[in-house]
Amino acid sequence: MTAVREELELKARIEDPDALRNALVGAGAELVYRGAMTDRRFDRRGRLERRDEVVRLRVYHPADRSPEWGVLGWKGPAHRKGEYRAREEWESRVEDPKATLVVLRRLGYKVVRRIDRVVEQYRLGDATLRLEWYPAMDVLLEVEGAPDEIERAIAATGLPRDAFLPESLPYFTKAYEQRTGRVARVSRR
């Protein structure tokens, strides 16, 4: 029997991405990806949304112009696990994201949400840290891993622990809009 894969994560708003990058590299973090990352979330007549589930095709467009690739994923309902946001998550790398998009559309799925960002993804121990720049919003840092790995990664950032929240992207877009009075955009269109 296959074990359930559970994603644990926290997010923080970043005011100085250069200082954060320097702190991560100084702590021994390894840059594993730099480039654009596009997410397309799919649904059929709101069925997934009603169950708080996500089907997503994520496409990576490397800054060095090497070939793109995709990751097809399913996420279960979000919940809190201690101080962390948690979801069951299943993903598989796909070499041809355009073909995967066609398959999803032929199955009756429609794009219901677009998220476009430029990212830098780092590995520190067994934690993943991803800096995310959106078309018109704050820069965010997402930290994923086991609780002890997340906490070590947070300590390496030099940022206060209470800056890291178990919240999803809509929370941060709303906070941006309330703080700035401007409309947040997480998609190029």
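Here the structure is a predicted model, which is why all the values come from computation and not from measurement.
A salt bridge between Glu53 and Arg47 is absent, with no side-chain N of the basic residue lying under 4.0 Å from a carboxylate O of the acidic one. In this structure, Arg189 does not pair ionically with Asp116, as no charged nitrogen and carboxylate oxygen lie closer than 4.0 Å. One finds a salt bridge joining Arg152 and Glu149 here, because a Lys/Arg side-chain nitrogen approaches an Asp/Glu carboxylate oxygen to under 4.0 Å. Here Arg117 pairs with Asp39 in a salt bridge; the nearest charged N to carboxylate O distance falls below 4.0 Å. Between Glu132 and Arg130 there is a salt bridge, with a side-chain nitrogen of the basic residue lying less than 4.0 Å from a carboxylate oxygen of the acidic one. Using a cutoff of 4.0 Å between basic side-chain nitrogens and carboxylate oxygens, Arg5 and Glu7 are not scored as salt-bridged.
In this structure, Tyr171 belongs to a hydrophobic cluster whose other members, linked by side-chain heavy atoms under 4.5 Å apart, are Ile115, Tyr134, Met137, Leu140, Leu165, Leu169, Phe172, Tyr176, Val186.
With a 4.5 Å cut-off on side-chain heavy atoms, Arg56 and Arg40 do not count as touching. Side-chain contact between Leu104 and Leu72 is present, with heavy atoms from C-beta onward closer than 4.5 Å. A 4.5 Å side-chain heavy-atom check between Ile150 and Phe164 finds every atom pair outside the cut-off. Residues Leu24 and Glu120 are not in side-chain contact: their nearest non-hydrogen atoms beyond the backbone lie 4.5 Å or more apart. Using a 4.5 Å heavy-atom cutoff, the side chains of Leu57 and Val94 are in contact.
The line from CE of Met37 to CZ of Arg58 is 3.5 Å long, rounded to the nearest 0.5 Å.
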*asked:* Checking Arg85 against Glu144 for the salt bridge (Lys or Arg N to Asp or Glu O under 4.0 Å) test, could you report, in this order, the C-alpha distance in whole Å, the side-chain angles of both residues, the deciding distance, and whether it holds?
replied: CA-CA 10 Å; Arg85 179 176 166 81; Glu144 293 182 5; over 6 Å; no
*How far apart are the C-alpha atoms of Leu159 and Ile14, what are their side-chain angles, what is the distance that settles it, and do they pass the side chain to side chain contact (heavy atoms under 4.5 Å, CB included) test?*
CA-CA 9 Å; Leu159 298 170; Ile14 303 302; 3.5 Å; yes
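No chain of hydrophobic side-chain contacts below 4.5 Å, direct or via other Ile, Leu, Val, Met, Phe, Trp or Tyr residues, connects Val25 to Tyr33.
More than 12 heavy atoms of other shown residues, nucleotides or ligands fall within 6.0 angstrom of atom CZ in Arg161. In Glu91, the CD atom is crowded: over 12 heavy atoms of neighbouring residues, nucleotides or ligands sit closer than 6.0 Å.
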